[in-house]
Chemist: 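One structure is given below, represented as structure tokens, and several questions about it will come after.
All residue numbers in this chain count up from 1 along the given sequence.
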Amino acid sequence: MKRKLAAAIGIAGMVVSIAACGGNDKGSSGGGADAKELTVWLTVDAQNNWPDLVKAADAAVQKKHPGIKINHEYYGWPDKNTKLDAVLATDKAPDVVEMGNTEMLGYMVKGAFAPVDPAQFTNSSAWLDGLKASVTYDGKTYGVPYYAGGRVANWRKDVAASVGVKTPPRTYAELTAALDKIQKKEGDKFSAWYQPTRDWYAAMSFVYDAGGSIAKQEGGQWKANLSSPESIKGLTEFKDIVDKYMHGDKTKDESDRYIVYGQGKSAMIFGAAWEGATAADPKNDKTGKLKDNLENFVMPGPSGKNMPVFLGGSDLAVPVKSKAQALAAEWINAFTGPSGQKGLIAKGNLPNNKTDLATLKNDPATAVPATAAESNWFVPMAPGWGQVEKAQVLQTMLQNIGTGKQSVQAAAKDADAAIDKVINTK
């Protein structure tokens, strides 16, 4: 679903004048337990899709604190951070805010959120690794994972069957053998795998599958790692896919991938779990054949294991200026606890923890996204990562590799140099 993409993409603009704005350094348990009012900011996803879960969390807190007033405000993803930045510069900050998980870092770096004690939250010991990383900065926890959205492979069953392949591939060798047959049959105006070159989420999955990384932390400092032998191996494997199977524009990103897929000139994509279904929507399906012919499967990696995927999703944080931090933590725990996770799963989301995720693997309807999400990665939680994203360092590297402008080694070396200039800068 599109909401997961919105939650997954983009570092928030850096907030200003909010560090050292008040609050306390003891975390959400340090004050505000006797507050009489609580203000919760969520996106319209909760308002439109699971308002009953919001009401249940309210009821749990109100039962424990009779007479407390709980206010809710709902925002669209494009507007949320502008409004949040403005209010954080005042003394009227909300007590709970929903953040896309890639939006968290900029705010944590600037001191906008109060640290929380993970022990206060049910299932915190089992939070998904990628989501746990998104709320952790400089050794402290500044938020609680809410729900996740994963990535899967999706292909056309009819096109695969036309070359004698009737079941999804379980290994990378099976995948490439099938794609080779499809590419040979369909010709060079068809993309057996439509893989936008600038899609760094997919490319970095290859890097992490090969044992590499974007950057690593050494002695309290972050250092770019794209030139390591392992990362070069992953980038080379990504380039091989683009060279062999991607016959579209090699300067594009993934933003309209579902639209291109719906045009019927490709057999497979690797992206957010909602993209296949959205391509098959009648308004996007130009072939009239996709509705009954698309199939999700767990993306196998060249390593022989499932491909590690980027986890998108949402987190909940407590602004450092909140005057009700303890109550905010109670509300978050009520909302993201076992009953809340059950409700979110029923609405098509992935849970925030490994315990609930494991149960989804037993259901054919959820087995693919749940299995894919077990192996996951997240961006380096470095103070200057927002500047890396803003400069589109990875996209530039990948485009230069995909178009042949630079070799893998040269492009990775240049990207490392660009990353190292800013990654440790607040």
Side-chain angles (χ1 to χ4, degrees), residues 12-43 46-47 53-75 79-101 103-122 124 134-146 314-337 340 352:
M14 299 304 246
V15 290
V16 295
S17 301
I18 56 177
C21 290
N24 62 75
D25 195 43
K26 296 180 182 179
S28 60
S29 61
D34 57 350
K36 302 301 182 185
E37 193 168 342
L38 193 69
T39 299
V40 178
W41 282 21
L42 299 172
T43 69
Q47 183 181 33
L53 303 184
V54 177
K55 291 179 181 178
D58 289 353
V61 173
Q62 288 168 335
K63 182 178 180 180
K64 186 176 179 181
H65 303 277
I68 186 173
K69 180 181 179 183
I70 303 178
N71 307 304
H72 293 282
E73 295 186 29
Y74 296 93
Y75 295 95
D79 307 320
K80 174 179 65 69
N81 289 349
T82 299
K83 295 180 183 297
L84 180 60
D85 293 351
V87 78
L88 288 178
T90 73
D91 61 354
K92 297 181 180 180
D95 303 298
V96 177
V97 297
E98 177 182 351
M99 305 293 296
N101 62 347
E103 298 172 341
M104 286 290 294
L105 181 58
Y107 288 85
M108 293 190 293
V109 169
K110 294 296 184 181
F113 298 145
V116 299
D117 178 5
Q120 290 182 295
F121 304 98
T122 309
S124 60
S134 74
V135 297
T136 306
Y137 177 70
D138 199 22
K140 293 183 179 181
T141 303
Y142 289 92
V144 177
Y146 174 7
S314 279
D315 300 323
L316 297 170
V318 180
V320 73
K321 282 190 170 185
S322 165
K323 298 177 179 65
Q325 292 181 19
L327 281 175
E330 288 186 33
W331 190 92
I332 291 172
N333 190 45
F335 190 52
T336 62
N352 67 2

Chemist: Got a second to check how far L327's CG is from I332's CD1, nearest 0.5 Å?
Modeler: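 Rounded to the nearest 0.5 Å, the CG-CD1 separation comes to 11.0 Å.
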Chemist: Could you grab the distance from atom CD of E73 to atom CG of L84, nearest 0.5 Å is fine?
Modeler: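 So the gap between those two atoms works out to 11.0 Å.
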Chemist: Starting at OH of Y137, measure out to CE of M108 and round the result to the nearest 0.5 Å.
Modeler: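 Rounded to the nearest 0.5 Å, the OH-CE separation comes out at 8.5 Å.
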Chemist: How close do S322 and P94 get, counting heavy atoms only, and between which atoms?
Modeler: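 The pair with the smallest heavy-atom distance is CB-O, 3.9 Å.
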Chemist: Are N352 and D315 packed together at the side-chain level, in the sense that at least one heavy-atom pair is separated by less than 4.5 angstrom?
Modeler: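 Sidechains of D315 and N352: no contact.
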Chemist: Nearest 0.5 Å please: distance from the NZ atom of K321 over to the CG atom of L88.
Modeler: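 Going from the NZ atom of K321 to the CG atom of L88 covers 7.5 Å.
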Chemist: Heavy-atom distance under 4.5 Å between the side chains of L38 and H65, does that happen here?
Modeler: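 Result no, sub-4.5 Å side-chain heavy-atom pair not found.
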Chemist: Identify the two heavy atoms, one from A329 and one from F121, that lie closest to each other, and give their separation to 0.1 Å.
Modeler: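 Heavy-atom minimum between the residues: O-CE2, 3.4 Å.
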Chemist: Compare every heavy atom of E98 with every heavy atom of K80, then report the nearest pair and how far apart it is.
Modeler: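 Distance-wise, the nearest heavy atoms are CD-O, 3.3 Å.
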Chemist: Provide the closest heavy-atom pair for S134 versus M104 in the form atom of the first, atom of the second, distance.
Modeler: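 Here S134 and M104 meet closest at O-CB, 3.3 Å.
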Chemist: Please confirm whether the backbone N or O of T39 pairs with a side-chain atom of D95, one donor and one acceptor, at under 3.5 Å?
Modeler: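 Judged by distance alone, yes, a pair lies under 3.5 Å.
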Chemist: Would you say the side chain of W331 lies within less than 4.5 Å of the side chain of I68, judging by non-hydrogen atoms?
Modeler: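 With C-beta onward as the side chain, the pair stays apart.
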Chemist: Please determine, by modelled atom types, if N71 and E37 share a side-chain donor-acceptor pair under 3.5 angstrom.
Modeler: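 Yes, a side-chain donor-acceptor pair sits under 3.5 Å.
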Chemist: What heavy-atom pair brings V97 and P319 nearest, and what distance separates the two atoms?
Modeler: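 Closest pair (atom of V97, atom of P319, distance): CG1-CG, 4.0 Å.
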Chemist: Got P145 and V135 here, is their nearest side-chain heavy-atom distance under 4.5 Å?
Modeler: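 When only atoms from C-beta onward are counted, V135 and P145 do touch, with a gap below 4.5 Å.
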Chemist: If you compare all heavy atoms of A328 against all heavy atoms of V96, which two are closest, and at what distance to 0.1 Å?
Modeler: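 Answer, listing the atom of A328 first, then V96: CB-CG2, 3.7 Å.
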Chemist: Evaluate the ring planes of Y107 and F113, with Trp represented by its six-membered ring, and classify them as parallel (under 30°), tilted (30 to 60°) or perpendicular (over 60°).
Modeler: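 Plane angle under 30°, so parallel.
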Chemist: For V109 and D138: C-alpha separation, side-chain torsions, deciding distance, then whether side chain to side chain contact (heavy atoms under 4.5 Å, CB included) applies.
Modeler: CA-CA 9 Å; V109 169; D138 199 22; over 6 Å; no
Chemist: Looking at side-chain heavy atoms only, is the closest gap between N81 and M99 below 4.5 Å?
Modeler: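 SC-SC contact between N81 and M99 confirmed.
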Chemist: Under 3.5 Å, is there a donor-acceptor pair between the side chain of K92 and the main chain of V87?
Modeler: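 No, K92 side chain to V87 backbone: no donor-acceptor pair under 3.5 Å.
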Chemist: Roughly how far, to the nearest 0.5 Å, is OH of Y75 from CH2 of W41?
Modeler: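 OH of Y75 is found 4.0 Å from CH2 of W41.
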